[in-house]
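Each remark here refers to the structure printed beneath this line.
None of the values given here were measured: they were computed from a predicted structure. Just so we're on the same page: letters track the sequence lines, and every chain starts at 1. Basis for what follows: all heavy atoms, side chains included, without hydrogens, waters or symmetry-related copies.
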Protein chains: 4
Amino acid sequence: MSSPKESSKKLWGGRFSKATDARTEAFTESISYDWVLYRHDIAGSMAHATMLADVGLITKQDKDRILKGLGEIADEIEKGVFKFRSDLEDIHMNIEKALEEKIGETAGKLHTARSRNDQIALDERLWLREEIDEIRQKIALVQAALVDMADRYVDDVMPGYTHLQRAQPVTIGHYLLSFVEMFARDSSRFADCRKRANLLPLGACALAGTSLPIDRALVAKLLNFDGVTANSMDTTADRDYLLEFAFSMTASALHLSRLAEDFVLMTTTEFNFINIDDAFCTGSSIMPQKKNPDVLELIRGKTGRSVALLSHLITLTKGMPLAYNRDFQEDKEILFSTTKQFKSCLSILEPMLRAVTFKTERLLEACEWGYMDATVLAEYLVRKGIPFRQAHHVVGSLVKLAESRGCQLKDLRTDELRAAHSFLTEEARSVLGPEKAILMYASAGSPNPKFVRKEIESWKVRLRDEGAIPGKKKRK
Amino acid sequence: MSSPKESSKKLWGGRFSKATDARTEAFTESISYDWVLYRHDIAGSMAHATMLADVGLITKQDKDRILKGLGEIADEIEKGVFKFRSDLEDIHMNIEKALEEKIGETAGKLHTARSRNDQIALDERLWLREEIDEIRQKIALVQAALVDMADRYVDDVMPGYTHLQRAQPVTIGHYLLSFVEMFARDSSRFADCRKRANLLPLGACALAGTSLPIDRALVAKLLNFDGVTANSMDTTADRDYLLEFAFSMTASALHLSRLAEDFVLMTTTEFNFINIDDAFCTGSSIMPQKKNPDVLELIRGKTGRSVALLSHLITLTKGMPLAYNRDFQEDKEILFSTTKQFKSCLSILEPMLRAVTFKTERLLEACEWGYMDATVLAEYLVRKGIPFRQAHHVVGSLVKLAESRGCQLKDLRTDELRAAHSFLTEEARSVLGPEKAILMYASAGSPNPKFVRKEIESWKVRLRDEGAIPGKKKRK
Amino acid sequence: MSSPKESSKKLWGGRFSKATDARTEAFTESISYDWVLYRHDIAGSMAHATMLADVGLITKQDKDRILKGLGEIADEIEKGVFKFRSDLEDIHMNIEKALEEKIGETAGKLHTARSRNDQIALDERLWLREEIDEIRQKIALVQAALVDMADRYVDDVMPGYTHLQRAQPVTIGHYLLSFVEMFARDSSRFADCRKRANLLPLGACALAGTSLPIDRALVAKLLNFDGVTANSMDTTADRDYLLEFAFSMTASALHLSRLAEDFVLMTTTEFNFINIDDAFCTGSSIMPQKKNPDVLELIRGKTGRSVALLSHLITLTKGMPLAYNRDFQEDKEILFSTTKQFKSCLSILEPMLRAVTFKTERLLEACEWGYMDATVLAEYLVRKGIPFRQAHHVVGSLVKLAESRGCQLKDLRTDELRAAHSFLTEEARSVLGPEKAILMYASAGSPNPKFVRKEIESWKVRLRDEGAIPGKKKRK
Amino acid sequence: MSSPKESSKKLWGGRFSKATDARTEAFTESISYDWVLYRHDIAGSMAHATMLADVGLITKQDKDRILKGLGEIADEIEKGVFKFRSDLEDIHMNIEKALEEKIGETAGKLHTARSRNDQIALDERLWLREEIDEIRQKIALVQAALVDMADRYVDDVMPGYTHLQRAQPVTIGHYLLSFVEMFARDSSRFADCRKRANLLPLGACALAGTSLPIDRALVAKLLNFDGVTANSMDTTADRDYLLEFAFSMTASALHLSRLAEDFVLMTTTEFNFINIDDAFCTGSSIMPQKKNPDVLELIRGKTGRSVALLSHLITLTKGMPLAYNRDFQEDKEILFSTTKQFKSCLSILEPMLRAVTFKTERLLEACEWGYMDATVLAEYLVRKGIPFRQAHHVVGSLVKLAESRGCQLKDLRTDELRAAHSFLTEEARSVLGPEKAILMYASAGSPNPKFVRKEIESWKVRLRDEGAIPGKKKRK
């Protein structure tokens, strides 16, 4: 930390007649967390210097020295030998100061035609692109794990629930693919967010651009952006890209929370549908018999982190006057920690899913109870020409009868069936029982293994294209 | 309201041995708010019936009677003569019951191969599409108003702010276009949300599809969907489309809040930058002199509504087990009211903006104070070869000098300028003063009228294409 | 609705040269929802008029006519014959205008020394007090239902869970009382909120009090407030009371959500711990066999409403400049609807709880499985002098043995027990089995029926005092 | 970090046949942030051991060795020489293991009759008490700074605003005290939170208490709690205390955000009401003339942090089944960081406020414009017997006249006044002008210096009692 005297040498200190209070420095610094942007900051500065030389604002020699200096700084930070100073406030000033110490006065040319306002926007957008790419890859790996499981259990039945009551039998494969669909939407939202964010903010400077003849399109090209932002005030006042990112994480975290909830339920003694390998569970400090699905619980709990980030950014930007305000500095710390947490959930979920075993016999047995073939039986009557409402009522009364008897629908005598409706002959029995019901499903998107199998194949192609499943890519 | 006896005749009452408690009915009904979905529910039922006939599950005669009956019901509701009954729970059951009263037992065939779980998802998606289209049109109209204003004030200067401190002069046109950019991103988010939502959920039935040979693709085509959803469990468990819609409104509401904040500031006696026509202001019940920018304040305040909806849906879906749960019924009431409020903000904003006058002379005068030409002066030095950091320091000391003198930069004597740096000759004066500074801006996206004019033209083309500005469309 | 011409006659229209735009009127009106405050508004006005007469600002005759007029207006509103006009904006102006129509110019004296800014704060605080009192009474009734159930099941065992894994046996009575504790904290939070809110805001006027010699203490006394607010600017800028109320509802709604979650789980086929009377369940439109715990699901889902209100108010007040801003008008609509929803949850919960039956035999049986007596067995060893860590390990190994054998701890042979630790003799068996374990609990606050019984008695006294249980009150 | 082999030696590893996966360890560990609870954990363990000896569950020798060992561990952590191990998961296990290494097998007796479930609840409550005490002290210091400023500016006028429009003149002292009131409510909410949290959770163990004869009341006394929690299941399932704490911070942060907003406005060139010492401002990296109120902006921005924590905890606890779930581990990291941030705002605010100067002449001048004496003039008419509504209208028309003339009310000629109303004679002028208006205020809680002075004295007494202002305390 710097002494007050040193801090009077602030790079922006020209008009100030008094040193910054040490408490102000401690309160306003961001280097303790924005240092993680060093790679992006340096990459941005390199592109900026290249452009400055290209348009003649600095010489080629200046550019070369700047690039060399920045390269060395990057190395030092990578190696952990760089000393960050909080009196230099942020990553931008820390790097510029270090550059000055390396190459002298020339370093002072780097900040030509830019401000920290557009510089931080650039760093954040570069960071965001990377994170989104990494997240989408992790999502694909989770999807791949689910698709592999779906493949393994494509024909096996399990109870499907509505209101957490047994509703209709489904296949495990179908159930698992439902999460693959959710994650696909998540991934697509992240992609849209990336698309909207992928414009170069640099050159907006403080808020009004610059009177110097810069070439923003060149910088955009060097940094692989789709184009440049259109309005300098909007550019420095904008944090939409973070807000949308926070929402994309929230939506996905909510899916994770639902998966976790379901799987926690399935590990209970009562459901007893799955087993999770010991390697992904922990025990109790007091109860010797416990084996807890902690990983799932923590994934569920971490949902709140993404929601927290979203709430934070909403609160932060509400009612902000244009353009840049220092409040925006607060967008980063919780962004970084939340993103890390969110990624950790995806990272652990993939191996954990692969360590889950479905207890297929127990699941089959569970399907026997709950009258889950009632709907298919009602539809049998529909096929015989009975209006659905009437069929629904007929079967409802049979359920009541069976329940009072403590038996299943298939255990009712044929004369009892017929008493409910004359069309319920021996033939009707052919649709009863979960394994039969599964094969009766005829609609696109239903749990019938024949549909599920097709879905699995289609997912394998997609995930192979995304590199999440080994094999030859189809996409070109 | 129904008596308990009546309610034992619930359409799903087959297995129940006891009537629903009146308090349960009152607590669980949704008809008091989901009646607004009647058009979508009926449109969905019509397409469904058409398909049922097409695949032979009902006869053409059945279909015709159903369509005729539904058409009549739609008319009755439009005319306000339809009597909604809360003992019939929701819009689906109210319409089905009314149909039964019109066409008898055939009505009971309509619910073939569908459940309220996929039916409500359909209704919501149809509703969402409409709302998004309407919202995007309203956004375009607000943008058109801003573009028109930008056109009017394309050459006029105003102070640009960072940290709410005068920073650099900008043009009013440029300032106004910054909001046009924000709303463009909003509109694009709504479009992405629509794209992801535009798949037919019907046919997912309760959660597992159906054993009946339905044709989902046909229904999708009849209702103008891009395709059908891929997994029946996901389909009935999914509320992503609402969550994303709520977020899209929130992001846009935050932009509205920032515009409102800025404009409220500009109406203060202290800023005194704009005047809002009396027609869009109100007075005080106690202070006779007051004229308040209430419309803007309410727009800012209504931001919270969208945030509320988003928070609600997050809380609602967190940790929900698959597939449908009754909790989802709670997605609607606040959705409808929030959307209405959000649209009302856009609706009033457009005429209100058109009733705003910028006080250009006062704004010009404001630009004289605040040393806002300091950056351009520093950049002048950069063009002379001085490293920016040094130039920044030189100008900083001049600002300190001028401030102590109570004058502007241009009021300093040339020898004083030169004392700060030998390159600051008489020529340097040519960049001083806001009106000169504006014309110096050379970077793409800056407030220089020459760039702003181009942007305006480009926006006019886009908004003409969207029908928000009169004229011939270019888009094909 | 008024024509533009009429609206130029606004009570505050003196300085305005142009009528309010009809869209502005529609956008800014609040009478469509703040009419519910009519009782509070009138009560406040009556007290205000009484005070004005007392200090001589109006005559006794004026006061009498005002009181009579207000009384008639109250009657008309109660009877539903009062016609609210949206061009009169809000409840305050609607009533004042109606008073003018009744008693002429004297009505114009009522608004002496007050503003709508302090008037709405008064109305809201009066409303809040009532709502809190009603909510606390409803909470007490829910607690009473839980205490009655606890009484019924004081000796019956059920599995206690951590991580949703069976952990240790508890008594149903103990389990039910855990919710009584939560609701007690909720009630206490509401009481604290009421305490902080119970100060008279009237007299703060627009923001600066008044030059007229009013007697605020008298109004406070007439309206049963604990005192008057201390600072007029704070008073009109303050919405803490609503924020705290929204939080109190949220905290309580979260408890409701946890109760609902648990009870939904217990109604599943898998848990099968409780039965809810048909009167509080509903069926499925497609699956004839379904009986769904909809009431519980909706209670859980409605949690989001309170969170929404809280988020709304946070967003609303963030960064508001002092003192009153029109944004505050937005505090009401969602406040009223959320409070209604929250109360409806409490109202239905009480009879629903009374319609729940615990399946005690099934619960006892469930306690046999899950090695839930392991902890008590480890504690047996501790009493013999074995360090707990060692005892925990010994019993852990016995659990592993029993699990591999598919039996319970009590099914292990004595020599097997002794092999694990020499102190595990025949005597050790005396603590095994859930019913024995329950009686072993020795710590205050544990599920041992002897403690639970005492708690029940203590709750009965408290709830009798609150009028939620019939009987003689003890409190003085 | 531990190797897999080591981790099979988990303290709870008895029943496990396989080591924990390294990724699981990394994902589930909490020691990286819960280490901050070490003092509380050790204090709790010391009290627990003391009680265990008191009731005879361990010997006095055991106790002495445990206490000595724990004392040494505390020292090592304080000195920074303690090595935390993430394979030992959390602070509890790290300390217990270290104790074992120090005193051997006796360490295994410490976890007698407790679980990590009640232990963490204890640690959190002890932490919470400390934080609340510290926060309340910091709030009092901020209040003291405000009261000192109020004292300095007790007679000086400034414009009071509603709708950010000049409304009525107030005194600076009065304005500043409005924040003192807000912070007083905040402090009182923290106190209520502390009161509700101040019950001993230890002894609830995992969820069901213990069969061992512990003395919870003794531990409560040793740790200075008001009593013990009443229900073991509720105790381990409860996080109300954190939720309420998060809300208390949010409510207070919202007040900070409003103060910051106001002060940022007052630093603008346009308002120009205050000056903040350079020591609490920073400059711009591009614009040499800038002096920004960063501290205020960051305080405003950090509001989002408290909201984030609140949202997180709401999301976390929503729908949690009883009793403890691992999700709760997620309550801590963001809790600690948010609390630190919140305290930092209070810490910097106090010196920053003391570095603020109000520009009293400029403020007086500002009060001349905006017709802020209109209300007092209307009240003058009321004192003459004119109904307020009529008086309001009369003065409204005078404002219109003065506005058209570009003059103030006091600049109107007496005949013009009289033309508006015959009672507006020369005498009426005596109430015009801000400095006169201030002295006219007659209502309790108004900005009249005579009231403000009393308030200041009363606050000084209170703050002296709280130790925030030097001097002799009155409270006994």
Side-chain angles (χ1 to χ4, degrees), chain A residues 14-15 105 108-109 111-112 160 162 164 167-168 170 177-178 181 185 192 203 206-214 216 230-234 240 247 254 257-258 261-262 307 314 317-321 323-324 376 379 382 387-390 393 396-397 399-400 440-447, chain B residues 14-15 105 108-109 111-112 160 162 164 167-168 170 177-178 181 185 192 203 206-214 216 230-234 240 247 254 257-258 261-262 307 314 317-321 323-324 376 379 382 387-390 393 396-397 399-400 440-447:
Chain A
R15 88 181 281 297
E105 187 176 71
K109 299 188 175 177
H111 211 57
T112 305
T162 62
L164 215 53
Q168 291 185 270
V170 297
L177 287 191
S178 72
E181 290 292 326
R185 283 194 299 276
D192 283 349
L207 83 158
T210 176
S211 64
L212 299 170
I214 58 172
R216 296 181 68 206
N231 183 294
S232 61
M233 294 186 80
D234 172 46
D240 277 19
F247 170 70
L254 286 169
S257 84
R258 299 185 73 174
E261 177 85 4
D262 258 24
V307 181
I314 287 170
T317 49
K318 190 252 164 172
M320 271 295 96
Y324 180 84
V376 168
E379 291 177 347
V382 166
F388 178 74
R389 270 295 158 238
Q390 192 184 330
H393 223 80
S397 65
V399 167
K400 204 178 345 186
M440 297 295 297
Y441 291 133
S443 59
S446 73
Chain B
R15 87 181 282 297
E105 187 176 71
K109 297 187 175 178
H111 211 58
T112 304
T162 62
L164 214 52
Q168 291 185 270
V170 297
L177 287 191
S178 73
E181 290 292 327
R185 283 193 299 277
D192 283 349
L207 82 159
T210 174
S211 65
L212 298 169
I214 59 172
R216 296 183 66 205
N231 183 294
S232 60
M233 294 185 80
D234 172 46
D240 277 19
F247 170 70
L254 287 169
S257 84
R258 299 184 73 173
E261 177 85 5
D262 259 24
V307 181
I314 288 170
T317 48
K318 189 252 165 173
M320 270 296 96
Y324 181 84
V376 167
E379 290 177 348
V382 166
F388 178 75
R389 269 297 156 237
Q390 194 185 329
H393 223 80
S397 65
V399 167
K400 204 174 352 184
M440 297 295 296
Y441 291 133
S443 57
S446 73

Inset, instruction - Could you tell me which of A:Lys318, A:Lys109, A:Glu261, A:Arg185 has the largest number of non-hydrogen atom pairs under 4.5 Å with chain B? - result: A:Arg185
Inset, instruction - Determine the option with the most heavy-atom pairs under 4.5 angstrom with chain A, choosing from B:Met440, B:Glu181, B:Met320. - result: B:Met320
Inset, instruction - Check each atom of B:Arg216 against the heavy atoms of chain A and say whether the ones under 4.5 Å are side chain, backbone, both or neither. - result: side chain
Inset, instruction - Classify the ring geometry between B:His111 and A:Phe388 as parallel (under 30°), tilted (30 to 60°) or perpendicular (over 60°). - result: tilted
Inset, instruction - Working to the nearest 0.5 Å, report the span between CG of A:Asp192 and CG of B:Asp192. - result: 3.5 Å
Inset, instruction - Please flag which part of B:Glu105 lies under 4.5 Å from any non-hydrogen atom of chain A: side chain, backbone, both or neither. - result: both
Legend entry - Leading residue by heavy atom contact count with chain B [cutoff under 4.5 Å; candidates A:Val307, A:Val376, A:Asp234]: A:Asp234
Inset, instruction - Would you mind telling me which of B:Thr112, B:Asp262, B:Thr210 has the largest number of heavy-atom pairs within less than 4.5 Å of chain A? - result: B:Thr210
Inset, instruction - Compare every heavy atom of B:Met233 with every heavy atom of A:Ser178, then report the nearest pair and how far apart it is. - result: CB-CB, 4.0 Å
Inset, instruction - Report the option among B:Ile214, B:Asp240, B:Val382 that has the most heavy-atom pairs separated by less than 4.5 Å from atoms of chain A. - result: B:Asp240
Inset, instruction - Sort A:Leu212 into side chain, backbone, both or neither according to what part of it lies under 4.5 angstrom from a heavy atom of chain B. - result: both
Inset, instruction - Kindly compute the distance separating OG1 (A:Thr317) from CG (B:Leu254), expressed to the nearest 0.5 Å. - result: 4.0 Å
Legend entry - Best-contacting candidate, A:Ala323, A:Ser257, A:Gly203, A:Pro213, against chain B by heavy atom pairs under 4.5 angstrom: A:Ser257
Inset, instruction - Pick whichever of A:Pro447, A:Gly108, A:Gly160 has the most heavy-atom pairs under 4.5 Å with chain B. - result: A:Gly108
Legend entry - Whether A:Ser446 side chain and B:Ala208 backbone form a donor-acceptor pair below 3.5 Å: no
Inset, instruction - Mind ranking A:Ser211, A:Ser232, A:Ala444 by heavy-atom pairs under 4.5 Å with chain B and telling me who comes out on top? - result: A:Ser211
Legend entry - Where A:Gln168 and B:Ala206 come nearest, the two heavy atoms and their spacing: OE1-CB, 3.7 Å
